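Notes follow the structure.
Any value given below was found using the heavy atoms of this structure, including those in side chains, with hydrogens, waters and symmetry copies removed. Numbered from 1 within each chain, the chains take letters A, B, ... in sequence-line order. Please read these numbers as outputs of a predicted model, since none were measured by experiment.
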There are 2 protein chains.
Amino acid sequence: MQNSFTEENYLKIIHALSGRDGVEVSTNALAESTSTRAASVTDMLRKLADKGLIHYKKYQGVTLTEAGEKVAISVIRKHRLWEVFLVEKLGFGWDEVHDIAEELEHVPSNELVERLDAFLGHPRFDPHGDPIPDAKGNLTDPDYLILTDVGIGEKVLMMGVLDHAPSFLQHLDRSGITLGSVLEITEINEYDKSASVRINGSQTLFISLEVSKNLLVQRR
Amino acid sequence: MQNSFTEENYLKIIHALSGRDGVEVSTNALAESTSTRAASVTDMLRKLADKGLIHYKKYQGVTLTEAGEKVAISVIRKHRLWEVFLVEKLGFGWDEVHDIAEELEHVPSNELVERLDAFLGHPRFDPHGDPIPDAKGNLTDPDYLILTDVGIGEKVLMMGVLDHAPSFLQHLDRSGITLGSVLEITEINEYDKSASVRINGSQTLFISLEVSKNLLVQRR
DNA sequence: AAAAAAATTTAGACTAACCTAAAAAATATT
DNA sequence: AATATTTTTTAGGTTAGTCTAAATTTTTTT
């Protein structure tokens, strides 16, 4: 049988909370992420377990089965491809596309996804720098650094963000930080860990620890 | 409040069955079109009436209110724009897009529709020749003829189809009849009303009454 | 105009996805 | 180790959208 919109969302969220090492996800964490109550989550977990999409033993948290992982990755693939479409083709800002992609990701039809992928030129990353799984479901997380792990004087490339909140993305827009920017930390304030960063070798600007923590970068 | 996927479908179908003159639609007709039972339709009609989207008096059939008409036309606009996208941009055949557009039409976001419309170059017609309502909800049905109303010797332009079934569209593809083809009826068989038609001034082919009845054309 | 047939609505149930309140299990604290 | 706290599950309900079977209204036929 087909998976519902809601089931797909649970699987996607379990995937996200489970991380690359596939750690167990708690009922409460899912209640939080799905904006529902723990009792509702328990109901859904029983259903997903019955369908063979998750490993579930009472009181022990859940992980995805192979089948569940496949569904989750397919949803993620669709989400990220649609985000590319919205930004590249329709001209939306990267801060505007999340909610719309959240709907589009549940539109069924493999043919649609594959044609969309081709139309977009088989992009590898979405507008936030997140990697797009390929048609076979291979999702390789590039091992980016967080800006807080970069020392003074090192030049790094801005590759992605951890926080996708519109307010954060708009803040980056106002600061002139975009994917591909070259960042160089010129100074770190010991007291609050805020930093001075030179962008593309020109203007320098202060960024708070909160911002540094959410910037994914790569050494060159 | 927002309208559900199902509610939008009812409104769209009422619009279609109601025709340009806004005639009452029966419960049974809706049950047929929605593939549900009459009892289920009655329940939904009560709900739509409560929301002010239809005029409904028991046993009397329904028509759309202004508000209901607005919703229906917005759904039709989205459906037809997505069909253009699927055919023009993703390369789907006109026989393959209906079901996918049926899903996409319920994705919310006015911003999305308006940007899609602009991206497509504000198309006036979908791949089946159906007119696309504008952003204000103006939908003007062009007054096409049905091919059965065309006499021998008249040259007409193929402008659209009444039947959207993949099998019918594929039949047209195999016959070499597409939107914009010039059709000239060279002969009508009195016995079964089948016709010989010259296409773009070259090959001539036989078409059955069933086919003629579903071809929308325009005198030039 | 009465009877028969067809269309529609009501009554009572089901499933999916949610809820609250209470019970049970796991974990943390003394 | 016993108690307190937190987490999770169970029990019992709700709403949206569907169903079947029975009742009612409208329409058609005689």
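- For B:A39, taking side-chain heavy atoms from C-beta onward, the closest of the listed nucleotides C:dT10, C:dC19, C:dT8 is C:dT10.
- In this structure, A:D50 places its CG atom 14 Å from P of C:dT15, rounding to the nearest Å.
- Atom-to-atom, CD of A:E24 to P of D:dT8 comes out at 12 Å; the value is rounded to the nearest Å.
- Remark: side-chain polar atoms of A:R80 are paired, donor with acceptor, to backbone N or O of A:P131 under 3.5 angstrom.
- The CG atom of A:D43 sits 12 Å away from the C1' atom of D:dG13 (whole-angstrom rounding).
- A heavy-atom distance below 4.5 Å is found between the side chains of B:E154 and B:R219.
- Across all strands shown, B:Y10 has heavy atoms under 4.0 Å from sugar-phosphate atoms exclusively, and none from any base.
- Among C:dC18, C:dT9, D:dC19, the nucleotide with an atom closest to any side-chain atom of B:T27 is C:dT9.
- In B:R115, the CZ atom is crowded: over 12 heavy atoms of neighbouring residues, nucleotides or ligands sit closer than 6.0 Å.
- Protein atom CD of B:E7 is 15 Å distant from nucleotide atom P of D:dT15, rounded to whole Å.
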Validation: residues 158-172 of chain A side-chain donor-acceptor distances under 3.5 Å, sequence neighbours left out:
unit_1, atom_1, unit_2, atom_2, d
A:D163, OD1, A:A165, N, 2.9
A:H164, NE2, A:D130, OD2, 3.0
A:Q170, NE2, A:D95, OD2, 2.8

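- Note: NZ (A:K51) to P (C:dA16) measures 9 Å, nearest angstrom.
- Regarding A:M44, its CE atom lies at a distance of 8 Å from the C1' atom of C:dA16, rounded to whole Å.
- The distance between atom NE2 of B:H106 and atom C1' of D:dA16, rounded to the nearest whole Å, is 16 Å.
- Within the 4.0 angstrom heavy-atom criterion, no nucleotide atom of any strand lies near B:F5.
- Each of D:dC19, C:dT9, C:dT20 was ranked by its minimum atom distance to the side chain of B:R37; first place goes to D:dC19.
- Proximity note for B:T6 (side chain, C-beta onward) versus C:dT9, D:dT9, D:dT18: the nearest is D:dT18.
- Rounded to a whole Å, the CG atom of B:L30 is 10 Å from the P atom of C:dT9.
- Between A:V41 and B:R46, the one whose closest nucleotide on DNA chain C sits nearer the 5' end is B:R46.
- Using a 4.0 Å heavy-atom criterion, one finds that A:T36 contacts the sugar-phosphate atoms exclusively.
- A donor-acceptor pair shorter than 3.5 Å can be found between the side chains of B:S194 and B:D192.
- Across all strands, B:S40 comes closer than 4.0 Å to base atoms (heavy-atom distances).
- Cation-pi geometry between A:K89 and A:F119 is met: the NZ or CZ atom falls under 6.0 Å from the ring centre, inside 45° of the normal.
- The residue B:T42 sits close to a base: some heavy atom pair falls under 4.0 Å.
- Nearest to the side-chain atoms of A:N28 among the listed nucleotides C:dC19, C:dT9, D:dT8 stands D:dT8.
- Side-chain contact of B:H79 with B:D126: a donor-acceptor pair under 3.5 Å is absent, judged by distance alone.
- In this structure a side-chain-to-backbone donor-acceptor pair under 3.5 Å is present from A:T65 to A:G52.
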What's touching nucleotides 23-27 of chain D from the protein side, N or O pairs under 3.5 Å?
unit_1, atom_1, unit_2, atom_2, d
D:dT25, O4', B:Y59, OH, 3.4

